[in-house]
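This report concerns only the one structure given below.
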Amino acid sequence: MGLSTHKLFFKKGQQVFKVGDKADCAYIVESGTINLFAVSQQDDLIASLGQGELLGEMGVIDQSKRSVSAFAASDLELLVIDREQITKRLEKSDPIIRGVMEVLLRRIRNMLGTVHEFDEVTSISDHTDNSIVTEGLDKIRFEKELHQALEKGDINNVYQPMVCLKSGKIAGFEALSRWNHPEKGMISPFEFITLAEESDLIKTMGLQIFDSACKQLAIFQKVRDEIDKTLPALFMSINVSAAQLTASNFFADIYEITQNYGIEPSNIKIEITESLVVDYKKIKVWIDDCRNMGFKLSLDDFGTGYSGFQHLLELDFHTIKIDQAFTMSIETNPKSLIMLEVITDMAKRMNMSVVAEGIEDLECANKLKNIGVDYAQGYYFFKPISAAEILPFL
Ligand code: C2E
Ligand code: CA
Ligand code: CA
């Protein structure tokens with residue numbers, strides 16, 4: 001880190017800063033000793049720091065006020081590290097590094113917080129937590145592998161059919177990504193999507209997933225047409241993360257993909273998870289873009305958060321997707337079935353269709369059919385499987 005050459009000199013006994021001061025810089029002790037106290041008076045000594053030690057960095061990083069007071073214990077020379085020298089680099093740094101830093105800070109604060117909130121005494125070398133560093137490095141390695149996997153084509157989609165409960169026929173699919181790792185085998189998206197979201201990888205990966213899903217839908221549709229042309233068009237649901245939506249050309253890119261494969265955007269459902277919808281103003285713009293291009297939108301994992309109903313009030317979705325935990329709860333809690341019936345009725349009146357996820361047995365499927373749920377997705381019908389395995393069922 002390039003350090004400022006700005007130095008400060010203090011005579012023995014002089015105050016350097018006190019509890020509650022703004023933490024706008026950190027220091028390195030160039031010579032002499034500095035004493036840190038829990039309160040502004042010079043009692044309750046917490047630590048003495050000498051040459052080469054760092055102080056005041058935590059308040060700079062997490063923008064808290066000084067929580068200790070510092071006095072020169074001898075004639076003292078301090079090198080000033082300006083706030084920007086740290087924060088600017090931190091902003092530009094890899095999310096992994098920032099993440100590690102945050103975890104580290106939180107841990108240190110928790111550790112120290114039980115005694116005093118004396119954030120300023122933390123000389124980094126004192127508290128290096130090796131497990132976090134290892135964790136960070138593992139993550140970096142994993143991210144690199146993910147990058148290569150994407151280039152090598154080891155990230156693929158499996159497809160889980162959604163069944164129309166009225167006709168019993170396959171109506172559409174959800175594309176679910178899988179990482180086929182040469183040593184570790186199949187890796188779940190739970191393990192790599194978040195990682196991809198943290199770096200910018202999700203944008204490339206998302207488009208690749210979108211591309212294969214559209215390509216596959218065109219094939220499924222062709223096969224279906226050969227069997228029965230009168231059935232409704234098949235649809236493909238594709239999960240999209242916030243980081244993808246915020247990319248400025250996202251909708252133009254996905255529109256182009258649909259055109260490449262001769263897919264109607266209206267047969268593509270973009271699944272947005274309930275917890276992702278936080279900023280209505282922002283998401284309204286996306287939803288408008290989405291609608292203007294003809295794509296459909298599905299509110300995923302409905303019923304898991306507290307804001308699902310608010311989303312339905314504020315935003316226009318084409319489909320509600322009932323979260324699997326909610327679906328499964330109808331087995332044990334009769335109130336769940338009543339709620340689901342009301343939600344389904346409400347959805348119909350708002351011109352939305354309803355998909356229920358996580359159907360694992362016939363009894364559950366029948367209950368959902370009886371209350372008017374449109375589509376069912378779950379292990380009872382199909383697990384997520386390869387495109388080739390789906391073909392005979394079309
Ligand atoms: P999700 O969108 O809620 O997907 C449904 C998950 O439930 C899938 O897990 C699916 O395999 C599983 N599932 C389906 N039917 C049943 C069932 O009857 N019982 C049980 N217990 N589980 C069932 P999967 O494939 O591991 O995906 C996990 C999550 O990863 C997805 O949750 C989705 O949020 C995310 N994801 C998957 N693919 C992508 C992708 O391409 N892009 C993005 N952004 N996220 C993805
Ligand atoms: Ca989904
Ligand atoms: Ca879901």
Side-chain angles (χ1 to χ4, degrees), residues 91-96 98-99 143-157 159 172-179 189 192-221 233-301 311 314-319 321:
E91 278 162 21
K92 275 190 270 174
S93 72
D94 190 295
I96 292 178
R98 280 203 309 262
E143 188 183 310
K144 190 134 200 158
E145 280 186 77
L146 184 57
H147 229 291
Q148 289 162 348
L150 195 62
E151 281 170 9
K152 282 197 299 180
D154 288 346
I155 312 278
N156 292 299
N157 292 342
Y159 300 91
F173 315 87
E174 177 171 10
L176 294 158
S177 55
R178 295 288 179 269
W179 177 359
F192 66 87
I193 293 286
T194 321
L195 186 64
E197 281 171 352
E198 282 172 13
S199 59
D200 258 359
L201 212 56
I202 191 69
K203 291 177 189 163
T204 332
M205 186 186 287
L207 285 179
Q208 199 166 302
I209 289 166
F210 206 95
D211 192 278
S212 354
C214 286
K215 190 173 175 183
Q216 197 52 56
L217 180 62
I219 296 170
F220 286 151
Q221 190 60 60
L234 294 166
F235 61 82
M236 180 67 75
S237 285
I238 304 170
N239 295 285
V240 163
S241 323
Q244 289 172 266
L245 283 172
T246 46
S248 56
N249 40 359
F250 176 70
F251 288 106
D253 285 345
I254 61 170
Y255 185 79
E256 194 185 322
I257 294 172
T258 57
Q259 298 311 293
N260 288 345
Y261 296 112
I263 300 278
E264 285 290 331
S266 60
N267 293 326
I268 299 293
K269 290 191 188 183
I270 295 174
E271 292 202 359
I272 297 175
T273 183
E274 187 186 292
S275 57
L276 183 152
V277 187
V278 276
D279 186 340
Y280 288 117
K281 261 200 199 129
K282 228 186 210 165
I283 203 145
K284 254 188 177 136
V285 176
W286 298 335
I287 289 185
D288 286 346
D289 284 351
C290 200
R291 282 187 169 261
N292 289 341
M293 292 190 157
F295 292 104
K296 297 232 164 111
L297 267 175
S298 178
L299 183 57
D300 201 358
D301 307 322
H311 295 349
E314 298 278 346
L315 305 164
D316 293 321
F317 286 92
H318 297 87
T319 301
K321 217 168 164 185

> So, for M205 and I193, which heavy atoms are closest and what is the spacing to 0.1 Å?
Replying inline: SD-CD1, 4.4 Å
> Is K269 salt-bridged to E174, cutoff N-O under 4.0 Å?
Replying inline: no
> Sub-3.5 Å donor-acceptor pair from the side chain of D300 to the main-chain atoms of K321, do we have one?
Replying inline: no
> Closest heavy-atom contact between Y159 and S212?
Replying inline: OH-O, 3.4 Å
>> Determine whether a donor-acceptor pair (N or O, by modelled atom type, separation under 3.5 Å) exists between the side chain of Q244 and the backbone of S241.
In response: yes
>> Quick check: do E198 and T194 have side-chain heavy atoms less than 4.5 Å from each other?
In response: yes
> In Å and rounded to the nearest 0.5 Å, what is the CZ to CD distance from F295 to E264?
Replying inline: 10.5 Å
>> Once rounded to the nearest 0.5 Å, what's the spacing between atom CZ of F251 and atom CD of E256?
In response: 15.0 Å
> Quick one: does P189's side chain get under 4.5 Å of L176's, heavy atoms only?
Replying inline: no
> Tell me, do I272 and L245 make a side-chain contact under 4.5 Å, heavy atoms counted?
Replying inline: yes
> Heavy atoms, side chains only, cut-off 4.5 Å: are V240 and F250 in contact?
Replying inline: yes
> Under the 3.5 angstrom rule, does the side chain of D211 hit a backbone N or O of L207 as a donor-acceptor pair?
Replying inline: no
>> Strictly distance-based, threshold 3.5 Å: is any side-chain N or O of Q221 a donor or acceptor partner for the main-chain N or O of L234?
In response: yes
